[in-house]
Amino acid sequence: QVQLVESGGGLVQAGGSLRLSCAASGRTFSQKTVGWFRQAPGKAREFVAAISWDGGSTHYADSVAGRFLISRDNAKKTGFLQMNSLKPEDTAVYYCAADRLSFVRGRRDRPEDFGSWGQGTQVTVSS
């Protein structure tokens with residue numbers, strides 16, 4: 001099992017940037033797709049981005065494509081989400097997650113695809 005801790009959230013003005021980190025413990029992090037999800041008040045948790053276990057494949061929600069960049073450093077057991085050109089509608093609690101399975105190829109964008117979750121970090125974008 002992988003344990004995850006997010007950091008890097010905060011308050012930023014529209015148009016600004018933030019970089020979220022997801023620190024992992026456990027020996028299987030490098031085998032897992034890492035995903036980022038977000039949840040705004042009163043809304044369902046939604047997919048933001050994901051990166052394959054080897055970093056060779058990434059995919060994004062249409063709402064963040066071209067503004068957000070997902071990456072990972074397996075040697076440091078850390079995932080990242082660089083968020084640029086932030087908008088007020090990006091305000092949410094952001095969660096990182098690790099896949100239930102190992103060495104998966106293909107798109108993983110459903111919450112049920114992921115078995116380990118962090119506690120979340122708040123991102124607030126002011127207009």
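All figures in this text were calculated on a predicted structure; none of them were measured in a lab.
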Has [X] got a side-chain atom pairing as donor or acceptor with [Y]'s backbone, closer than 3.5 angstrom?
X	Y	answer
S116	V2	yes
H59	R108	yes
K77	G26	yes
Q119	V5	no

Nearest heavy atoms of [X] and [Y], plus distance in Å:
X	Y	answer
A24	F29	CB-CD1, 3.3 Å
T78	S21	CG2-CB, 4.4 Å
T33	A50	CG2-CB, 4.2 Å
F114	R100	C-CG, 3.6 Å
C22	W36	CB-CZ2, 3.6 Å
P88	A14	CD-CB, 4.1 Å

From [X] atom [atom1] to [Y] atom [atom2], the distance as rounded to the nearest 0.5 Å:
X	Y	atom1	atom2	answer
Q82	N84	CD	CG	4.5 Å
K32	N74	NZ	CG	12.5 Å
S57	I70	OG	CD1	10.0 Å
R19	L69	CZ	CG	9.0 Å
Q39	Q122	CD	CD	11.0 Å
F68	T58	CZ	OG1	14.0 Å

Please check if [X] and [Y] belong to a single hydrophobic cluster, counting links between Ile, Leu, Val, Met, Phe, Trp and Tyr side chain heavy atoms closer than 4.5 Å.
X	Y	answer
V93	L4	no
V12	M83	yes
L86	V48	yes
V125	L20	yes
V123	Y60	yes

(request) Applying side-chain hydrogen bond (donor to acceptor under 3.5 Å, both in side chains), run through Q3 and S25 and close with a yes or a no. (result) CA-CA 5 Å; Q3 291 78 44; S25 61; 3.1 Å; yes
(message) Applying side chain to side chain donor-acceptor pair (under 3.5 Å), can you list everything that pairs with D90, at least two apart in sequence or on another chain?
(response) R38, R67
(message) If the condition is side chain to side chain donor-acceptor pair (under 3.5 Å), which residues does D73 pass it with, not counting sequence neighbours?
(response)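 Per chain and number, D73 pairs via side chain to side chain donor-acceptor pair (under 3.5 Å) with no residue.
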(message) Aromatic contact between W117 and F37, with the criterion being ring centroids under 6.0 Å apart: yes or no?
(response) yes
(request) Identify, with sequence neighbours excluded, every residue that meets salt bridge (charged side-chain N to carboxylate O under 4.0 Å, His left out) alongside R110. (result) E112, D113
(message) Please evaluate residues E6 and T121 with respect to the criterion side-chain hydrogen bond (donor to acceptor under 3.5 Å, both in side chains), reporting the C-alpha separation (whole Å), side-chain torsions for both, the decisive distance (0.1 Å), and the verdict.
(response) CA-CA 6 Å; E6 303 94 336; T121 186; over 6 Å; no
